[in-house]
Amino acid sequence: SARPTERHGTEAQLPRPRWYVETLDGTADQWAPGMRLTTKPAAAARLRDLNEHHPRWADGTTVDRRIVRETTSYTVEEQP
């Protein structure tokens with residue numbers, strides 16, 4: 001049986017994806033992350049919900065949102 005490091009090469013663990021629905025903050029001119037979601041379908045549902053219930057800022061302008069995937073990887077480093 002292969003050792004775990006041999007089975008996955010240099011990965012200590014499999015990559016872990018997470019999704020966010022970000023909102024463009026027009027005042028700061030940058031994207032602000034929302035809550036962390038564990039699946040893309042959950043992020044798509046959250047985006048639909050936000051766009052349906054909160055489509056505009058208080059001044060009437062449209063809120064810009066996007067889905068972003070973050071992937072955390074765990075790499076085995078060489079021994080010194």
Closest heavy-atom pair and its distance - R16, Y74: NH1-OH, 3.1 Å
Contact between R66 and V68 at the side-chain level, heavy atoms closer than 4.5 Å - yes or no? yes
Residue pair L50 / V21, side-chain heavy-atom distance below 4.5 Å: yes
Please enumerate all residues that pass side chain to side chain contact (heavy atoms under 4.5 Å, CB included) together with [X], with sequence neighbours excluded.
X   : answer
A58 : none
T71 : P15, P17, R69
T39 : P41, A42
A45 : R48

Which pairs pass salt bridge (Lys or Arg N to Asp or Glu O under 4.0 Å) with one or both residues in residues 70-80, sequence neighbours excluded?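 Of all non-adjacent pairs touching residues 70-80, those that pass salt bridge (Lys or Arg N to Asp or Glu O under 4.0 Å) are R18-E70.
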Quick test of your reading: applying salt bridge (Lys or Arg N to Asp or Glu O under 4.0 Å), list the pairs with at least one residue in residues 50-61, sequence neighbours left out, ordered by first then second residue. none
Considering only distance and modelled atom types, tabulate donor-acceptor pairs under 3.5 Å from the side chains of residues 26-38, sequence neighbours left out.
none

Who are the side-chain hydrogen bond (donor to acceptor under 3.5 Å, both in side chains) partners of R65, not counting sequence neighbours? N51
Please enumerate all residues that pass side-chain hydrogen bond (donor to acceptor under 3.5 Å, both in side chains) together with D49, with sequence neighbours excluded.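 Checked D49 against side-chain hydrogen bond (donor to acceptor under 3.5 Å, both in side chains); matches are H53.
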Check which hydrophobic residues are tied to W57 through side-chain heavy-atom contacts below 4.5 Å, counting indirect links as well, and list them. V63
Does Y20 sit in a hydrophobic cluster with other residues, and if so which ones, taking ILVMFWY side chains as linked at heavy-atom separations under 4.5 Å, directly or through other members?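 For Y20, no cluster forms, as it stays isolated from other hydrophobic side chains.
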At what distance, to the nearest 0.5 angstrom, does CD of E22 lie from CD1 of I67? 10.5 Å
Working to the nearest 0.5 angstrom, can you tell me the gap between K40 NZ and L47 CG? 11.0 Å
